[in-house]
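The next block holds one structure in the form of C-alpha cells; read it before the comments.
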Number of protein chains: 2
Amino acid sequence: MKYYSISEAAAKFDIPESTIRYYEKKGLLPLIERDAAGRRLFSEDSMTLLKVVIYLKNTHMPIKKIKQYVDWVVEGDHTTQLRLDMMKEHKKAVLAEISLMETSLHEIDLKIARYTNRIQAEKQKNNGKEEAR
Amino acid sequence: MKYYSISEAAAKFDIPESTIRYYEKKGLLPLIERDAAGRRLFSEDSMTLLKVVIYLKNTHMPIKKIKQYVDWVVEGDHTTQLRLDMMKEHKKAVLAEISLMETSLHEIDLKIARYTNRIQAEKQKNNGKEEAR
DNA sequence: ATACGACTTAAACCATGGTTTAAGTCAACA
DNA sequence: TGTTGACTTAAACCATGGTTTAAGTCGTAT
C-alpha cells in the first residue's frame, strides 16, 4: 500500500501543508502514521478521511463538528446511527444554504438585467447623438 | 414616506441592530438620515440598499467588496458598467461555490446511503437472533 | 419631576480558520 | 563531510465578521 508524504497529500487535494497540520492539531486527522524521522505518512485510509474532512469543510461544517464526526468514526461501528443523524442534519443545512444563495442570486440577476438595460439605453442615446450630427 | 428606526430595520431583515451599526461603520450604509436626537432614520432607499447588502452578504461577498459596490452606487450612473462587471463576476463565483457545495453534498449523500444500509443490515441480524430464540 | 426604554458612541472583546515564523532535525546527494 | 531540501514543532500572528460593554443622551408616560 502506498503512503503519501504531507507534500504529496497537499498537492493531491490542492491545499497548503499548513492546513493539513492545522487539521491534525485540531483532531480532524487521527491515526496518522510517522516514519522513523517523525515525518507524517498518509495511508489510503488517512487520505480518505482527509477527503471527507475537505467535503465537510466545503459545505461549511464547523471544525468542532467535523471533530465530533471524526471522533465517532474512530469510536467504531456503534456510532453509525449518530453519524447518520449528523449527516442527515448537515444535508438539510447545506440545502438550506444553497437555497438562500440561489434566492439571493436571483436578486443579483435582476441587478444585472437592470444595469444591462441601462447601458443599452445609454448606447441608444449616444447613437441618436451621432445620427443627429 | 415612511422612515424606519434601527430596531424596525433590524426586525424587518431579522438581523441584530449591532450588525446594522457595524455595516454603517464599514461604509456599507451611507447617507442614513438622523432625527434631531441623532437616531438613525432609514428611508425606503436606505432599506433597499440594506437589502442589497444582505443579498451580497448571503452570497459571501466580502465586506470590502460590498463597500466598493456601495461606493460606486453613491458615485452615480457613470459607474454602471463597473457595477455590472462586478455583479457578473460575482455571479460566476457564486455559481462556482454552489457547484462545489453540490459536488460535496453528493459525497455526503453516499455516506448517508452507506450508513443507512449498515443500520438496516444490523437490524436484519438482530431479527435473525430474535427468530432463532 | 422622574424613571423607563430606546437609542447613541467608542472601544474592547470574541470566534473561526487558518498562515507565518523561528528554530531545529534528518536523509540524501555532491 | 557538508550542504541542501523536506520535513518537524510551538507559538505568534493575521483577517474576517461581527458582538458586547460601558457610559451617556433623549422622549415619553406616570
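Chain A is the first sequence line, chain B the second, and so forth, proteins listed ahead of strands; every chain is numbered from 1.
Considering every non-hydrogen atom in both A:Leu28 and A:Leu49, the closest pair reads O-CD2, 3.9 Å.
In this structure, B:Ile20 atom CD1 and D:dG18 atom P are separated by 12 Å, rounded to whole Å. Put simply, CG on B:Asp35 is 10 Å from P on C:dC7, counting in whole angstrom units. We find that CD1 of A:Ile32 is positioned 10 Å from P of D:dT9, with the value rounded to whole Å. Across the protein-nucleic acid pair, A:Lys26 atom NZ and D:dA10 atom C1' stand 14 Å apart, rounded to whole Å. Separating the CD1 atom of A:Ile63 from the P atom of C:dG18 is a distance of 5 Å, rounded to the nearest angstrom. Atom CZ in A:Arg40 sits roughly 13 Å away from atom C1' in D:dA6 (whole-Å rounding). The nearest whole Å value for the distance from the CD1 atom in B:Ile66 to the C1' atom in D:dG17 is 11 Å. In this structure, B:Tyr23 places its OH atom 11 Å from C1' of D:dT16, rounding to the nearest Å.
Exactly one of A:Glu33, A:Arg40, A:Glu44 qualifies for a side-chain hydrogen bond (donor to acceptor under 3.5 Å, both in side chains) with A:Tyr3. That residue is A:Glu33.
In the set D:dT8, D:dG18, C:dT8, the nucleotide with an atom closest to the side chain of A:Arg34 is D:dT8. Taking the side chain of A:Ser7 as heavy atoms from C-beta on, and the options C:dT16, C:dG18, D:dA6, the nearest nucleotide is D:dA6. Ranking D:dT8, C:dG17, D:dA6 by closeness to the A:Pro62 side chain, first place goes to C:dG17.
Relative orientation of the A:Tyr69 and B:Tyr115 rings is tilted, given thresholds of 30° and 60° on the angle between their planes.
Taking a 6.0 Å sphere around NZ of A:Lys123, one finds it holds 12 or fewer heavy atoms contributed by other residues, nucleotides or ligands.
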Restricting both atoms to N or O, compile the protein contacts to nucleotides 19-29 of chain D shorter than 3.5 Å, with distance only.
from	atom 1	to	atom 2	distance (Å)
D:dT19	OP2	B:Ser18	OG	3.4
D:dT19	OP2	B:Thr19	OG1	2.4

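In this model, no donor atom of one side chain and acceptor atom of the other lie less than 3.5 Å apart for A:Glu122 and A:Asn126.
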